[in-house]
Amino acid sequence: MARLGMQHPIIQAPMAGTSTPQLAAAVSNAGGLGSVGIGAYGVDQAEQHVAQTHALTARAFNVNLFCHRDAAADVQREAAWLDYLAPEFERFGAAPPTALRCIYASAVGNPPLQAMLLRQRPQVVSFHFGLPEASFIEALRQAGTTTMACATSLDEALQIQQAGVDVIVAQGMEAGGHRGCFDPEQDRLLSSLALVQILVRHTRLPVVAAGGIMDGAGIAAALQVGACAVQMGTAFILCPESAASPAYRAELQSDRAYDTGITAAISGRPARGMVNRLHLLGRGYGQALPGYPMVYDAGKALHQAAAAQGSSDYAAHWAGQGAPLARAMPAADLVATLARELNAQARA
């Protein structure tokens, strides 16, 4: 990671929808590696975020892409899920959508998005939910871009290595939000430290630890078992530069931060967040859910209806198991604090 000019082994996780150019630039300018997640945006908005980050920092930063395979439409499953949610919409005087849309485009088979990245030339591009075409990975290599990809198992890590990606992000089950499983049905729910040790032993690529790491002690533990750096998401949510809403920030600083759970009922893919009404509804649903990201279309519509009446009961407030340890401070101060804590661990 030294070739990226990082002074500290700290990567701010991309967190699509919560990361911002301001957050990424602040982390990079402080000596870490900032990230912007563009998987939830169309090409034009994604390019604006990348260009804005370029304008805010001369240092390296990471641009993260979703590489999911689009789920096949299933009209019966989608209609059943919307019928199940109908009483929730009625609570707020709203009607559910008549159909569900695939609201997030994958980077796989997406020439306009790939061309934009090659045009903007960020120093780092990372992949989540899988890998793009070999030709795109090679084009990024030819452009001098360092590539990273998320793995939640040894099998995924070996695919990443075989594809010619430069760095593996080992994401344990403690992590908040959507972990980068290639196939959620094959998720082994490995912990961060166990996963790092397995990947360090059985692959030849640098391994970044992710999931549940919130302070210098956590960073030191990850480095001790072989990680070259850590990726931290929940730790940066309370920074003023993030796009987290006031309700999100308030919940993360409340007792609700102690209760995180994994649910597919918000988006269609398992993801960890502070437990809310949609988590509970998912537990009580006795049928197969529609695929990702169609379920997200319903969840976002329900959240919008509830939020209009002051309720955040259906919000996607993603958070990892270390959520109660989150600290509210500017991103540069957090990076400096983490570096001091890490140095203190080294001296102990």
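The first residue of the sequence shown is numbered 1, and numbering continues consecutively from there.
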Run T263 and L278 through side-chain contact (heavy atoms from CB on, under 4.5 Å) and show every step you take.
CA-CA 8 Å; T263 184; L278 269 176; over 6 Å; no
Which pair of non-hydrogen atoms, one from V43 and one from P112, has the smallest distance, and what is that distance?
CG1-O, 4.0 Å
Main chain of C181, side chain of R269: is a donor-acceptor contact present, judged purely on distance under 3.5 Å?
yes
Can you tell me if T20 uses its side chain to pair, donor with acceptor, with the backbone of E241 under 3.5 Å?
yes
Of the non-hydrogen atoms in A316 and Y296, which two are nearest, and what is the gap between them?
CB-OH, 4.0 Å
With a 3.5 Å distance limit and no angle check, can you tell me whether T145 reaches the backbone of P122 through a side-chain donor-acceptor pair?
yes
So does D83 have more than 12 non-hydrogen atoms from other groups sitting under 6.0 Å from CG?
yes
Within 6.0 Å of CD in Q309, more than 12 heavy atoms from elsewhere
yes
Co-membership, hydrophobic cluster, residues L131 and I168, 4.5 Å side-chain
yes
Nearest 0.5 Å please: distance from the CZ atom of R347 over to the CG atom of L342.
10.0 Å
So if I apply the side-chain contact (heavy atoms from CB on, under 4.5 Å) rule between N62 and each of Q12, Q123, M148, which one comes out positive?
M148
With a sphere of 6.0 Å drawn around CD of E138, does it hold more than 12 non-hydrogen atoms of other residues, nucleotides or ligands?
yes
Is Q321 reaching over with its side chain to a backbone N or O of T260, donor-acceptor style, under 3.5 angstrom?
no
Is the shortest side-chain heavy-atom distance between M116 and L113 below 4.5 Å?
yes
On a heavy-atom basis, which atom in A243 and which in G17 lie closest, and how many Å separate them?
CB-O, 3.6 Å
Dump the intermediate steps for side-chain contact (heavy atoms from CB on, under 4.5 Å) on S242 and T18, then the final yes or no.
CA-CA 6 Å; S242 91; T18 301; 4.1 Å; yes
Tell me whether R121 contacts the main-chain N or O of A143 through its side chain, where contact means a donor paired with an acceptor under 3.5 Å.
yes
Check: E174 side chain, S192 main-chain N or O, donor-acceptor pair, under 3.5 Å
yes
Do R327 and T337 come close enough that some side-chain heavy atom pair is under 4.5 Å?
yes
Kindly write out the residues that satisfy side chain to side chain donor-acceptor pair (under 3.5 Å) with T152, not counting sequence neighbours, or none if the list is empty.
E156
Working to the nearest 0.5 Å, report the span between CG of L199 and CZ of R201.
11.5 Å
Identify the two heavy atoms, one from P14 and one from S126, that lie closest to each other, and give their separation to 0.1 Å.
CG-OG, 4.5 Å
Should M15 and I11 be counted in the same cluster of Ile, Leu, Val, Met, Phe, Trp and Tyr side chains packed under 4.5 Å apart?
no
Q114 (side chain) donor-acceptor with A107 (main chain) under 3.5 angstrom:
yes
Is the number of heavy atoms from other residues, nucleotides or ligands within 6.0 Å of CZ (R101) greater than 12?
no
Verify same cluster id: L118, F61 (apolar side-chain graph, 4.5 Å)
yes
Side-chain heavy-atom pair Q7, R59 within 4.5 angstrom cut-off
yes
Under the salt bridge (charged side-chain N to carboxylate O under 4.0 Å, His left out) criterion, do R69 and D183 qualify, and how do the steps go?
CA-CA 9 Å; R69 271 56 180 179; D183 179 0; over 6 Å; no
Closer than 3.5 angstrom, by distance alone: can the side chain of D70 be matched with the main-chain N or O of S106 as a donor-acceptor pair?
no
Check this for me: Q162, atom CD, are more than 12 non-hydrogen atoms of other residues, nucleotides or ligands nearer than 6.0 Å?
no
Single-linkage hydrophobic cluster V167~L140, side-chain heavy atoms < 4.5 angstrom:
no
Less than 4.5 Å apart, any side-chain heavy atom of L65 and any of F136?
yes
Considering residues at least two apart in sequence or located in another chain, which fulfil the side chain to side chain donor-acceptor pair (under 3.5 Å) criterion with R77?
none
Angle class for the F129/F66 ring planes (parallel below 30°, perpendicular above 60°, tilted otherwise)?
tilted
Please check this pair: side chain of E78 against backbone of D74, looking for a donor-acceptor N/O pair closer than 3.5 Å.
yes
Heavy-atom pair of closest approach, residues L223 and A227:
CD2-O, 3.2 Å
Check against side-chain contact (heavy atoms from CB on, under 4.5 Å), R272 and M173
CA-CA 9 Å; R272 182 181 295 279; M173 57 88 68; 3.7 Å; yes
Distance (rounded to the nearest 0.5 Å) between E88 CD and L82 CG:
13.0 Å
So among N64, V165, L117, T146, which one has a side-chain contact (heavy atoms from CB on, under 4.5 Å) with V125?
L117
Heavy atoms from other residues, nucleotides or ligands near CZ of R91 exceed 12 (cutoff 6.0 Å):
yes
Check V207 against A170 and note the closest heavy-atom contact, atom names and distance.
CG1-CB, 3.8 Å
Rounded distance [0.5 Å steps], SG in C150 versus CD in Q171
4.0 Å
Would you say the side-chain atoms of Y248 pair up with the backbone N or O of W318, donor to acceptor, closer than 3.5 Å?
yes
Does any non-hydrogen side-chain atom of F127 lie less than 4.5 Å from one of I160?
no
Which residues pass the side-chain contact (heavy atoms from CB on, under 4.5 Å) test with Q253, not counting sequence neighbours?
L238, R249, A328
Going hydrophobic residue to hydrophobic residue with side-chain gaps under 4.5 angstrom, can you get from F182 over to I137?
yes
Would Q345 and E341 count as a side chain to side chain donor-acceptor pair (under 3.5 Å) here? Give the steps.
CA-CA 6 Å; Q345 291 288 320; E341 292 172 347; over 6 Å; no
Lys/Arg N to Asp/Glu carboxylate O, R3 vs D166, below 4.0 Å
yes
Does any part of the side chain of Q45, heavy atoms only, come nearer than 4.5 Å to the side chain of H49, both counted from C-beta?
yes
Just say parallel, tilted or perpendicular for the rings of H68 and Y292, cut-offs at 30° and 60°.
perpendicular
A side-chain contact here means heavy atoms from C-beta on lying under 4.5 Å apart; do C67 and H128 qualify?
no
Is the closest side-chain donor-acceptor distance between Q52 and Q48 under 3.5 Å?
no
Apply side-chain contact (heavy atoms from CB on, under 4.5 Å) to residues V36 and V63 and explain how you reach the verdict.
CA-CA 5 Å; V36 287; V63 178; 3.9 Å; yes
We want to know whether S312 and H317 form a side-chain donor-acceptor pair, criterion being a heavy-atom distance below 3.5 angstrom.
no
Would you call L85 and P96 a side-chain contact if the rule is heavy atoms closer than 4.5 Å?
no
Take D155 and Q159, measure what side chain to side chain donor-acceptor pair (under 3.5 Å) needs, and give me the verdict at the end.
CA-CA 6 Å; D155 178 66; Q159 291 182 59; 3.0 Å; yes
